[in-house]
Amino acid sequence: MPSNLHKALLTWYQHHKRKLPWRGESDAYRILLSEMLLQQTRVEQAIPYYQRFLQQFPNLETLAQASQEDVLKAWQGCGYYARARNLHKLAQQLVFAGQALPCSSVELLALPGIGPYTAAAVASMAFGEPVATVDGNVRRVLSRLFAWEKPSPKQVQETADTLMAQLVNRRGDRDTPGNWNQALMELGATVCTPKNPSCGACPVAPFCQGKNHPERYPAAQKRLQKSLEMVALVLQGPAGVHLELRQGPVLGGLWGVPMEEDPGALERLLARFGLDKAEPVGAVRHDFTHRKLNIQVYKAPYEAKENPRQRPLSRLDRKILKLVETKSLRLL
DNA sequence: AAGACGGGGTG
DNA sequence: CACCCAGTCTT
């Protein structure tokens with residue numbers, strides 16, 4: 001691979017990079033936060049969370065002092081809540097031990113919620129370590145550059161490592177590991193997109209073996225969605241609604257209305273609260289990546305006192321409460 | 001190697 | 001609707 005690839009991409013990046021809140025940031029905590037937010041999440045979705053989160057938890061210490069519930073409240077609606085739980089846990093681990101964020105990718109990798117991508121991102125952008133970030137963008141850009149239909153993770157990682165190693169031989173101000181990683185990802189996010197890539201505007205098209213059939217590289221992933229029938233029970237009284245803390249991996253740490261999976265869902269819910277009937281309100285559909293939920297919503301009067309605004313809730317639970325709210329208003 | 005894990009954008 | 005997103009952790 002000619003080293004002009006590096007020059008072409010870095011020059012393009014210098015002139016075309018988007019202005020993002022964490023761009024040019026050198027504080028490792030802020031970079032880590034941005035990278036955690038960006039895991040499987042689009043830039044536009046992450047930005048408001050980044051701003052609000054930093055306002056509330058400006059550094060590792062303030063985050064460590066906070067309750068998990070407050071941290072999840074700041075994360076609510078952003079999805080993949082294990083990210084927030086892990087970030088909080090990581091802050092507590094380090095602060096309790098009197099340590100700052102480690103500066104090597106190997107040490108970062110050992111922390112909860114930090115995998116190969118995030119470790120490389122923080123190490124390269126905050127500390128200048130020459131380690132390659134491999135994310136969905138890099139995988140796609142390299143797949144097209146080398147016309148790989150089914151790239152193996154190993155193949156992608158090794159190639160990204162090689163390109164980073166070649167960068168280290170360059171001497172310009174722009175030729176930093178952080179810039180290189182971000183340039184590759186920025187190209188994937190804005191030019192070498194999954195659908196309708198802008199090959200005509202691509203700075204590395206001269207080096208690209210896949211530009212005539214960009215949509216073939218890499219081949220699309222298959223994923224199946226299971227349909228699930230569920231029942232949710234909204235218990236409400238004058239003082240509020242009944243919410244419970246969700247345990248386990250699904251929406252863990254967030255609060256929500258009682259919900260069960262069919263068959264027998266309604267019966268179990270009624271039994272749990274000693275009720276003999278509830279009023280059907282309507283249905284809510286909600287998709288996860290691997291689930292299609294169809295939720296029948298019921299309501300019943302109950303001595304309940306939670307205020308949903310004061311608890312971290314998922315979009316799913318907000319949707320359910322919203323439905324009950326609008327139906328109730330129509331009765332007035 | 002496969003699933004699980006949220007929510008939203010795009011074609 | 002299908003696929004993807006600056007991934008990570010658990011089977």
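The chains referred to below are lettered A, B, ... by the order of the sequence lines, with proteins before strands, and numbering in each begins at 1.
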Measure CG/A/N196 against P/B/dT10 and give the value in whole Å, please. 13 Å
For A/Y49 and C/dA6, give me the distance from atom OH to atom P, rounded to whole Å. 17 Å
Let me see the working for A/L163 and A/L5 under side chain to side chain contact (heavy atoms under 4.5 Å, CB included), right down to the final yes or no. CA-CA 9 Å; A/L163 290 171; A/L5 172 74; 3.9 Å; yes
C/dC4 phosphate, OP1 or OP2: any side-chain N/O from A/R223 under 4.0 angstrom? yes
Look at all strands and tell whether A/V250 reaches a base, only sugar-phosphate, or nothing, counting heavy atoms closer than 4.0 Å. sugar-phosphate
Whole angstrom is fine here: how far is it from CG in A/L38 over to P in B/dG8? 16 Å
Judged by atom type as modelled, is there a donor-acceptor pair below 3.5 Å linking the side chain of A/R139 to the main-chain atoms of A/P153? no
Could you give the distance separating C/dC4 and B/dG3 at their P atoms, to the nearest angstrom? 16 Å
Selection from C/dC4, B/dC5, C/dG7 that lies nearest to any side-chain heavy atom of A/D135: C/dG7
Regarding the side chain of A/A220, the nearest nucleotide among C/dC3, C/dA6, C/dT8 is C/dC3
So does A/R140 get a side-chain nitrogen or oxygen closer than 4.0 Å to the phosphate oxygens (OP1/OP2) of C/dC5? yes
Between P of C/dA6 and CD of A/E186, the distance in whole Å: 10 Å
Could you tell me whether A/R18 atom CZ has more than 12 heavy atoms of other residues or ligands within 6.0 Å of it? yes
With a non-hydrogen cut-off below 4.0 angstrom, is A/G188 in contact with a base, only sugar-phosphate, or nothing? nothing
For A/P116 and for A/K195, locate the closest nucleotide of DNA chain C by heavy-atom distance; then report the residue assigned to the nucleotide nearer the 5' terminus. A/K195
Would you say A/R291 places a side-chain N or O within less than 4.0 Å of OP1 or OP2 belonging to B/dA4? yes
Is A/K17 atom NZ crowded by more than 12 heavy atoms from other residues, nucleotides or ligands, each under 6.0 Å away? yes
If you take all heavy atoms of A/L37 and A/C78, which pair is closest and at what distance? CD2-SG, 3.9 Å
If I take atom CG in residue A/L293 and atom P in nucleotide B/dA4, what distance separates them, rounded to the nearest angstrom? 13 Å
A/L111 vs A/V43, nearer the 5' end of DNA chain C by closest nucleotide: A/V43
C/dA6 and B/dA4: how far apart are their P atoms, nearest whole angstrom? 23 Å
Rounded to whole Å, how long is the line connecting atom CD of A/Q221 with atom P of C/dC3? 10 Å
Quiz item: A/Y117 side-chain donor-acceptor pair to C/dG7 base, under 3.5 Å: no
Heavy-atom nearest nucleotide on DNA chain B for A/P249 versus A/E44: which residue maps closer to 5'? A/P249
Does a side-chain N or O of A/Y81 approach OP1 or OP2 of B/dG7 to a distance below 4.0 Å, or not? yes
When we call it a touch if two heavy atoms are under 4.0 Å apart, what does A/A82 touch: a base, just sugar-phosphate, or nothing? nothing
Check whether any side-chain N or O of A/T289 sits under 4.0 Å from OP1 or OP2 of B/dA4, and answer yes or no. no
What is the nucleic acid contact for A/L224, judged by heavy atoms within less than 4.0 Å: base, sugar-phosphate only, or nothing? nothing
Grab the CZ-P distance between A/F288 and B/dG6 for me, whole Å please. 6 Å
Is the shortest side-chain N/O distance from A/H286 to OP1 or OP2 of B/dG7 below 4.0 Å? yes
Nearest-angstrom distance, P atom, B/dG6 to C/dT10: 14 Å
So what does A/R139 hit on the nucleic acid, given a heavy-atom distance under 4.0 Å: a base, only sugar-phosphate, or nothing? nothing
Return no unless some side-chain N or O of A/Q40 is found under 4.0 Å from OP1 or OP2 of C/dG7. yes
So A/H286 and A/F288, would you call those rings parallel, tilted or perpendicular, with 30° and 60° as cut-offs? perpendicular
Whole angstrom value for the distance that separates C1' of C/dC4 from OH of A/Y217: 20 Å
Report yes or no: do A/S314 and A/R246 form a side-chain donor-acceptor pair below 3.5 Å? no
A/S314, nearest nucleotide to its side chain (from C/dG7, B/dC5, B/dG7): B/dG7
Verify the contact: side-chain N or O of A/K292 to OP1 or OP2 of C/dC1, cut-off strictly under 4.0 Å; return yes or no. yes
Taking any heavy-atom pair under 4.0 Å as a contact, classify A/L37: base, sugar-phosphate, or nothing. nothing
Please work out if A/T41 contacts a base, only the sugar-phosphate, or nothing of the nucleic acid, heavy-atom cut-off 4.0 Å. base
Could you label the plane-to-plane angle of the A/H242 and A/F273 rings as parallel, tilted or perpendicular, counting under 30° as parallel and over 60° as perpendicular? perpendicular
Phosphate oxygens OP1/OP2 of C/dC4: is one of them under 4.0 Å from a side-chain N or O of A/R42? no
